[in-house]
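Chain naming here is simple, since letters A, B, ... match the order of the sequence lines and numbering starts at 1 in each.
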Amino acid sequence: MGKSILSKKFFLDKANTVAPKLLGKTLVRKVGSRTLYLIIIETEAYLGSHDLASHARFGKTKRNYVMFKDGGHWYVYFVYGMHWLLNIVTGKIGSPSAVLIRGGILLSKNSRWIDGPGKITKVLKINGSLTGRPSLKKSGLWIEDWGIRIERIKKSPRIGVGYSGKWAKKLLRFTVKDVSGRLKRLTQRT
DNA sequence: GCAGTGATCATA
DNA sequence: ATGATCACTGCC
């Protein structure tokens, strides 16, 4: 079973298709001489300008212009005066959609569960300098497929979008069931 | 439960 | 220029 980098094609689909497919994929972050690995276990899809929970609802702005690019670019933005949030743009050029990466398992000799999008960027040392860059090795941040199979995926409403009316209720948050079991196995592997 | 923190967007 | 809001976190 090889470890292949996800190609641009993977991200050209709709955000609600890409988001569950990202579960079990590995986010790879190279910073200096260190390489960090995070198995993605929680994502959310943001669909387009009609999605009233999405930044795309404002049309194209200085912040969100990256969402209008074709799939496979990073969209990183700053919220609440403190936190960077990491998204991967999805879809064809001009369709402003993206997937927010919200949770994962950080691999180390004591692998741990990182639950929350602001914590992910903190541990992986990600900030706005990556926004607009492609998901490729040369960017220092990319996604690989290690052949990890996710059998059971839970769908639930997205977090923190209560202002968006009916869009707050849509099941666009995707999580891996039995995360603690996976964590245990990954920890024992070392 | 809610304070912290500052960019962003709407309004003007 | 101003003010409300925010795809959050950590501590009460």
Does the side chain of [X] reach to within under 4.5 Å of the side chain of [Y], using non-hydrogen atoms?
X: A:L136; Y: A:W142; value: no
X: A:M67; Y: A:H55; value: yes
X: A:F11; Y: A:L6; value: yes
X: A:H83; Y: A:L85; value: yes
X: A:L27; Y: A:L86; value: yes
X: A:Y37; Y: A:W146; value: yes

task: Before giving the answer on salt bridge (Lys or Arg N to Asp or Glu O under 4.0 Å), spell out for A:R158 and A:D51 the whole-Å C-alpha distance, their side-chain angles and the decisive distance to 0.1 Å.
output: CA-CA 12 Å; A:R158 293 172 292 184; A:D51 177 356; 2.7 Å; yes
- request: May I ask you to check if A:K60 and A:Y65 form a cation-pi contact, with NZ or CZ under 6.0 angstrom from the six-membered ring centre and within 45° of the axis?
  value: no
query: With a cut-off of under 6.0 Å to the ring centre and 45° to the axis, is A:R102 in cation-pi contact with A:F174?
result: no
- prompt: Reckon A:L85 touches a base, only the sugar-phosphate, or nothing at all at heavy-atom distances under 4.0 Å?
  reply: sugar-phosphate
task: Heavy atoms only: give me the nearest A:G71-A:L12 pair and the separation to one decimal.
output: N-CD2, 3.8 Å
task: Taking Watson-Crick and G-U wobble pairs with both distances under 3.5 Å, convert DNA chain B into its dot-bracket string, 5' to 3', dots for unpaired and | for cross-strand pairs.
output: ||||.||||||.
- line: At a 4.0 Å cut-off to heavy atoms of chain A, the contacted part of DNA chain C spans C:dC6 to C:dG10
Residues touching DNA chain C, which here means a heavy atom under 4.0 Å, drawn from residues 112-126 of chain A: A:G116, A:P117, A:G118, A:K119
statement: Scoring nucleotides 3-12 of chain B by protein non-hydrogen atoms under 4.0 Å (B base, S sugar-phosphate only, - none) yields -BBBSSSS--
statement: Apart from A:M82 itself, its cluster of hydrophobic side chains linked below 4.5 Å comprises none
message: Can you list, by chain and residue number, the hydrophobic cluster partners of A:L47 when the side-chain cut-off is 4.5 Å?
response: A:L52, A:W167, A:L172
